Amino acid sequence: MTKLSVNINKIATLRNSRGGNVPDLLKVAKDIQHFGADGITIHPRPDERHIRYQDARDLKSVVYTEYNIEGNPQHNFIDLVLECKPTQVTLVPDAIGALTSNAGWDTVKHQSYLLEVIQEFQRNGIRTSIFVDADEKMIEGAKATGTERIELYTESFAHEYGLGNKNGIEPYVKAAVKANELGLGINAGHDLSLDNIKFFKDNIPGLLEVSIGHALISESLYLGLENVVNMYLQKLK
């Protein structure tokens, strides 16, 4: 079964919009795990507009499933990850001020940099994953960095699927086959939802984990958080 990691950035966004501690991020993380999710994902950004660096520290004592911290490996982020020692760090090439992640790494151009960063995390017992587009050349470049996993950037698939074009899955299938050949674990995330998750999971060989935040939290406004977490788990079986 593919694991479900729930990204709780949107919970932090809601909390920060009014100040105070409502909703309580730590309680939500506990509840999501209690509802059956396999992990918690956060993506702190330099401006801390949703997840704050202190949240990452506080969640360390709360997350008893897999803890995944995403972000651009700048100095402050690297220090935070080494302090928190999550299960996994996912490296994302976010530009400062980016609204959301919008591209994978060029693993050829940035190979030496990624190799250096990944070695530091691995020396500290942290599993690494690189956010990449569904491009076989980028998958091969990721392998050369020494990373254990890749995370496929699924926005293009989700967009095409929403238009009724199921052929949009084809580059992802090819990328997954290449990753399997190279011995890389496969994660995926971005714009995956209850509408498209089963089709994606059924067509991607060796899919280990999906990270879902925006859609899952939005769907929960209508259907309830516990119900939605379990709906995803059923579709991922």
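Hydrogens, waters and symmetry mates play no part in the numbers below; they use all other heavy atoms, side chains included. All of these numbers come straight from a predicted model, not from anything done at the bench.
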K.L.:
Could you give the distance from CD (E219) to CG (L225), rounded to the nearest 0.5 Å?
P.N.:
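Rounded to the nearest 0.5 Å, the CD-CG separation comes to 11.0 Å.
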K.L.:
Would you say E209 and Q88 are linked by a side-chain donor-acceptor pair, where the criterion is simply a distance under 3.5 Å?
P.N.:
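Per modelled atom types, Q88 and E209 side chains form a pair under 3.5 Å.
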K.L.:
Hey, could you give me the CG/CD1 distance between L26 and I11, rounded to the nearest 0.5 Å?
P.N.:
12.0 Å
K.L.:
What I want to find out is whether K174 reaches E136 closely enough, with some N-O distance under 4.0 Å, to be called a salt bridge.
P.N.:
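No salt bridge links K174 with E136.
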K.L.:
At what distance, to the nearest 0.5 angstrom, does CD1 of I126 lie from NZ of K85?
P.N.:
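These two atoms lie 6.0 Å from each other.
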K.L.:
Where is the tightest heavy-atom contact between N72 and P93, given as atom of each residue plus distance?
P.N.:
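Heavy atoms only, the tightest pair is ND2-C, 3.8 Å.
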K.L.:
Is the backbone N or O of R49 less than 3.5 Å from a side-chain atom of N16, with the two atoms forming a donor-acceptor pair by type?
P.N.:
yes
K.L.:
Is any side-chain heavy atom of N187 less than 4.5 Å from a side-chain heavy atom of I150?
P.N.:
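Contact flag for N187/I150 side chains = no.
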K.L.:
If you round to the nearest 0.5 Å, how far is CD1 of I130 from CG of L91?
P.N.:
6.0 Å
K.L.:
So, for G39 and T65, which heavy atoms are closest and what is the spacing to 0.1 Å?
P.N.:
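Closest heavy-atom pair between G39 and T65: CA-OG1, 3.3 Å.
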K.L.:
Is Y153 close to W105 at the side-chain level, that is, under 4.5 Å between some pair of heavy atoms?
P.N.:
no
K.L.:
Between K166 and E160, is the closest basic N to carboxylate O distance under 4.0 Å?
P.N.:
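Salt bridge flag = no for K166 with E160.
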K.L.:
For the residue pair H214 and H190, establish whether any side-chain heavy-atom pair is separated by less than 4.5 Å.
P.N.:
no
K.L.:
Classify the angle between the aromatic ring planes of F200 and Y172 as parallel (below 30°), tilted (30 to 60°) or perpendicular (above 60°).
P.N.:
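F200 and Y172: perpendicular rings.
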K.L.:
Are the side chains of F77 and V89 in touch, meaning some heavy atoms are under 4.5 Å apart?
P.N.:
yes
K.L.:
May I ask you to test the H34-K30 pair for a side-chain heavy-atom distance under 4.5 Å?
P.N.:
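Not in contact.
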K.L.:
With sequence neighbours left out, what residues match K235 under side chain to side chain contact (heavy atoms under 4.5 Å, CB included)?
P.N.:
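With sequence neighbours excluded, K235 shows a side chain to side chain contact (heavy atoms under 4.5 Å, CB included) to L194, I197, K198, given in chain and number order.
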K.L.:
Quick check on Y64: does its OH atom have over 12 non-hydrogen neighbours (other residues, nucleotides or ligands) under 6.0 Å away?
P.N.:
yes
K.L.:
Strictly distance-based, threshold 3.5 Å: is any side-chain N or O of N21 a donor or acceptor partner for the main-chain N or O of D24?
P.N.:
no
K.L.:
Measuring from T41:OG1 to Y67:OH, what's the distance to the nearest 0.5 Å?
P.N.:
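Spacing of OG1 (T41) from OH (Y67) equals 9.5 Å.
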K.L.:
Looking at residues at least two apart in the chain, or sitting in another chain, which of them share a ring-ring contact (aromatic ring centres under 6.0 Å, His included) with F199?
P.N.:
Y161
K.L.:
Whether the D58 and Q54 side chains hold a donor-acceptor pair (N or O, under 3.5 Å, no angle test) is what I'd like checked.
P.N.:
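Yes - a donor-acceptor pair under 3.5 Å links their side chains.
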K.L.:
Tell me which one of R15, K60, R45 satisfies salt bridge (Lys or Arg N to Asp or Glu O under 4.0 Å) with D55.
P.N.:
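Answer after filtering R15, K60, R45: R15.
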K.L.:
Is any side-chain heavy atom of I32 less than 4.5 Å from a side-chain heavy atom of E226?
P.N.:
no
K.L.:
Measure from the side-chain N and O atoms of D38 to the backbone N and O of S5, and report whether any donor-acceptor pair falls under 3.5 Å.
P.N.:
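Absent.
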K.L.:
For Q122 and G146, indicate whether the former's side chain and the latter's backbone hold a donor-acceptor pair under 3.5 Å.
P.N.:
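Such a contact is found between Q122 side chain and G146 backbone.
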K.L.:
With side chains defined as the heavy atoms from C-beta onward, is the minimum distance between Q33 and I40 less than 4.5 Å?
P.N.:
yes
K.L.:
In terms of side-chain geometry, is the basic nitrogen of E120 or R123 positioned less than 4.0 Å from the acidic oxygen of its partner?
P.N.:
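Judged by the 4.0 Å cut-off on N to carboxylate O distance, E120 and R123 do form a salt bridge.
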K.L.:
Can you check whether C84 reaches I69 side chain to side chain, under 4.5 Å on heavy atoms?
P.N.:
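Yes, close enough: below the 4.5 Å cut-off.
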K.L.:
Taking 4.0 angstrom as the limit, do K137 and D135 come out as a salt bridge?
P.N.:
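So K137 does not pair with D135 through a salt bridge.
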K.L.:
Can you tell me if N68 and T90 form a side-chain donor-acceptor pair at under 3.5 Å?
P.N.:
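N68 vs T90: donor-acceptor pair found between side chains.
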K.L.:
So how far is it from I42 CD1 to L25 CG, rounded to the nearest 0.5 Å?
P.N.:
8.0 Å
